[in-house]
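Take a look at the structure below.
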Number of protein chains: 2
Amino acid sequence: MKTDLNENEDLSTQIAEAIRDAIIEGSLIVDQRLPSEAELCEKFDVGRSTVREALKRLAAQNLIRTQRGAAGGAFVNRMSFEEAYDQQITTSTLLLSMNRVDFETACEARYALERSCAPLSAQRRTPDQLATMRAEIHRQSQPGLTDEAFCASDVAFHRALVDGARNPVLSYQLAGAVEAMQPLMNMITYTQRDRDRIIALHSQIADALEAKDAAAANARLIDLETETLKLAKSAFAARR
Amino acid sequence: MKTDLNENEDLSTQIAEAIRDAIIEGSLIVDQRLPSEAELCEKFDVGRSTVREALKRLAAQNLIRTQRGAAGGAFVNRMSFEEAYDQQITTSTLLLSMNRVDFETACEARYALERSCAPLSAQRRTPDQLATMRAEIHRQSQPGLTDEAFCASDVAFHRALVDGARNPVLSYQLAGAVEAMQPLMNMITYTQRDRDRIIALHSQIADALEAKDAAAANARLIDLETETLKLAKSAFAARR
DNA sequence: GGCAAGTAAATGTCTGACAATTGGAAAGTG
DNA sequence: CACTTTCCAATTGTCAGACATTTACTTGCC
């Protein structure tokens, strides 16, 4: 691990970077214990608060975890898919909400990515995942459902579709794309007719996946994208 | 912003979460100044080091930036695509390297995602992006290129392909998928014949995109995936 | 052998101090 | 008045020392 620090960044930033690089490069491996705070103070020749701030930065990125007590300390964390999902969703959501990404762009990206899962999902989806989709479709058709709950169920449906590909890397990459759209989707008010059309498409998608018909699933996803775009357009037009 | 803290997590974690939620929820908007460290100390009734550790956590996630001096302080940061790319790449790389994701899974995900860009890229790629692809192909065919440099050029080629879709959200989502594969690809040693086959496919892909032929681009991407998988398989077989 | 108390190591938190940076106010100057 | 220089106050960055809390391990007792 490098210990020479001479950039014009904060000391805590430099130390965090040095440790992070060591983890990425592999000289610190999973579950390995980092030197104690006191040792790091000596090594980098800085005060303890500086070291602690560096460690907190790494903890915020799920790169390390800390444990109190005698055999405690900071340990290189095995990044779990679960943690990576959450990070991915937070980042994507903020990225979209802070950069006035237009609905068309986000929607296009999302459906392009989802369609890439469809063929795999048609091959591999489990009965469990099909059941989840059906359950969400059923939830969506219940009367008195708020728009927000409708959107949440929509997300759950699409996640089941993506998970159907049985590829954790794919699920991870798509988590952000699907979830980050939710705030944008929430800006739409759905009439009962809108919902009916969406639900019908969802059913057709589930049918296609059940029949292992990748082409049909793909076609219905395109229809759904078109439908979503149309809804969004009129919603944003009405807003003005 | 909530100020009541009673979980069994660290104080600094709780404070960071409270502020993060305020940013996500929208009660703190971009470029808005947070209260000074001293004010946050009072508000949450904790010491300054605790507040500072919380702020460092947020800074590590690019949620805030800090500025010293009279009109300084912590400001809500507009998450840029650039920052989001980097985060995404770091997370994806570590996720893959720490979880013994097999090459097949990662490769499948990567090419599935890339194929979702191909049709858009065929429509929209700029001359500049085509030129980048050609340049990388040329670099790849130079003799004496190390395997590592070959892989790096491969990544650059694929990024140009993805950027050709002219959808920043898509580019962002794919950055992780493409870059995170590089360490895995680096484990392969390429013979000259291997390289020639890959370069030929790259050329065909560039041709297809230039001709706006989405179907051909797609087909060649499938070939490239097959080729990559084959190479990886023999590489890992030889290793044993 | 098993249980309880104590001990040491480590992180978590607080306090107070000083350094470094920076914007703006005040003072001086033509 | 306009312009420059000086100074000041606010704020973050860093350090040192203290104490609290947690936890594994050791020691001693039964």
Side-chain angles (χ1 to χ4, degrees), chain A residues 1-20 22-23 28 31-77, chain B residues 1-20 22-23 28 31-77:
Chain A
M1 200 189 307
K2 276 197 297 189
T3 55
D4 54 326
L5 315 163
N6 42 12
E7 320 282 331
N8 50 6
E9 285 170 309
D10 292 345
L11 284 174
S12 66
T13 307
Q14 293 173 50
I15 293 172
E17 281 174 1
I19 299 176
R20 193 200 55 183
I23 294 175
L28 288 172
D31 290 334
Q32 188 173 339
R33 183 178 176 282
L34 271 67
S36 73
E37 294 177 357
E39 288 168 311
L40 289 171
C41 290
E42 279 201 3
K43 195 170 203 167
F44 291 104
D45 197 29
V46 296
R48 191 171 157 223
S49 21
T50 307
V51 165
R52 281 184 61 77
E53 285 173 14
L55 293 178
K56 291 309 164 198
R57 296 184 109 104
L58 298 172
Q61 299 176 274
N62 285 314
L63 291 176
I64 61 169
R65 62 179 185 278
T66 53
Q67 213 175 344
R68 292 172 78 164
F75 298 83
V76 178
N77 192 38
Chain B
M1 200 188 306
K2 277 196 296 187
T3 56
D4 55 324
L5 315 162
N6 41 12
E7 319 281 331
N8 51 6
E9 285 172 308
D10 292 345
L11 283 176
S12 66
T13 307
Q14 293 175 49
I15 292 172
E17 281 175 0
I19 298 176
R20 194 198 55 183
I23 294 174
L28 288 171
D31 290 335
Q32 188 173 338
R33 184 179 176 281
L34 270 66
S36 73
E37 293 177 357
E39 288 169 309
L40 289 171
C41 291
E42 278 202 3
K43 195 169 201 166
F44 291 103
D45 196 31
V46 297
R48 194 172 154 220
S49 27
T50 308
V51 165
R52 281 184 62 77
E53 286 174 13
L55 293 177
K56 292 308 165 200
R57 296 183 110 104
L58 298 172
Q61 299 176 275
N62 286 313
L63 290 177
I64 62 170
R65 61 179 186 280
T66 53
Q67 212 176 343
R68 290 171 80 163
F75 297 83
V76 178
N77 193 36

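Here the structure is a predicted model, which means the values were calculated and not measured. Every chain is numbered from 1, with letters handed out A, B, ... down the list of sequences. Keep in mind that the numbers below use all heavy atoms, side chains included, and drop hydrogens, waters and symmetry copies.
Applying a 4.0 Å cut-off to non-hydrogen atoms, the residues of residues 63-76 of chain A that approach DNA chain D are R68(A), G69(A), A70(A), A71(A), listed by residue number. Near DNA chain D, meaning a heavy atom under 4.0 Å from it, residues 50-60 of chain B has R52(B), K56(B) in order of number.
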Between side-chain atoms of residues 32-40 of chain B and protein atoms elsewhere (two or more places apart, or another chain), which donor-acceptor pairs fall under 3.5 Å?
{"unit_1": "Q32(B)", "atom_1": "OE1", "unit_2": "I29(B)", "atom_2": "N", "d": "3.0"}
{"unit_1": "R33(B)", "atom_1": "NE", "unit_2": "G72(B)", "atom_2": "O", "d": "2.9"}
{"unit_1": "R33(B)", "atom_1": "NH2", "unit_2": "G72(B)", "atom_2": "O", "d": "3.3"}
{"unit_1": "S36(B)", "atom_1": "OG", "unit_2": "E39(B)", "atom_2": "N", "d": "3.3"}
{"unit_1": "S36(B)", "atom_1": "OG", "unit_2": "E39(B)", "atom_2": "OE1", "d": "3.2"}
{"unit_1": "E37(B)", "atom_1": "OE1", "unit_2": "R48(B)", "atom_2": "NE", "d": "2.6"}
{"unit_1": "E37(B)", "atom_1": "OE1", "unit_2": "R48(B)", "atom_2": "NH2", "d": "2.9"}
{"unit_1": "E37(B)", "atom_1": "OE2", "unit_2": "R52(B)", "atom_2": "NH1", "d": "2.7"}
{"unit_1": "E39(B)", "atom_1": "OE1", "unit_2": "S36(B)", "atom_2": "N", "d": "2.8"}

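Summarising the geometry, the separation between CG on D10(B) and P on dA20(D) is reported as 18 Å, rounded to the nearest angstrom. Atom-to-atom, CD of E42(A) to C1' of dC15(D) comes out at 15 Å; the value is rounded to the nearest Å. Distance L40(A) CG to dT14(D) C1': 16 Å, rounded to the nearest Å.
Of all heavy-atom pairs between A60(A) and A60(B), the closest is CB-CB, 4.1 Å. Here the shortest heavy-atom pairing between A74(B) and I64(B) reads CB-CD1, 4.2 Å.
For D31(A), the salt bridge (Lys or Arg N to Asp or Glu O under 4.0 Å) partners are R65(A), not counting sequence neighbours. A search for side-chain contact (heavy atoms from CB on, under 4.5 Å) contacts involving T50(B) returns L11(B), S12(B), I15(B), V46(B), not counting sequence neighbours.
The CZ atom of R20(B) sits 6.5 Å away from atom CD of Q61(B), with the distance rounded to the nearest 0.5 Å. Atom CZ of R68(B) sits about 7.0 Å away from atom CG of D10(A), to the nearest 0.5 Å. In this structure, the separation between CG on L55(A) and NZ on K56(B) is 13.5 Å, given to the nearest 0.5 Å. Atom CD of residue E53(A) and atom CD of residue E53(B) lie 6.5 Å apart, to the nearest 0.5 angstrom. Expressed to the nearest 0.5 Å, how far CD1 of I19(B) lies from CZ of F44(B) amounts to 5.0 Å.
Under 3.5 Å, the side chain of R48(A) and the base of dG12(C) form at least one donor-acceptor pair of N or O atoms.
End-to-end axis angle of the helix from dG1(C)-dC30(D) to dG30(C)-dC1(D), using five pairs per end and rounding to 10°, comes to 10°.
Within 4.0 Å of S49(A), counting heavy atoms only, lies at least one base atom of the nucleic acid.
The side chain of E37(A) sits closest to dT11(C) out of dT11(C), dT13(C), dC15(D).
Between N77(B) and L58(B), every side-chain heavy-atom pair lies at or beyond the 4.5 Å cut-off.
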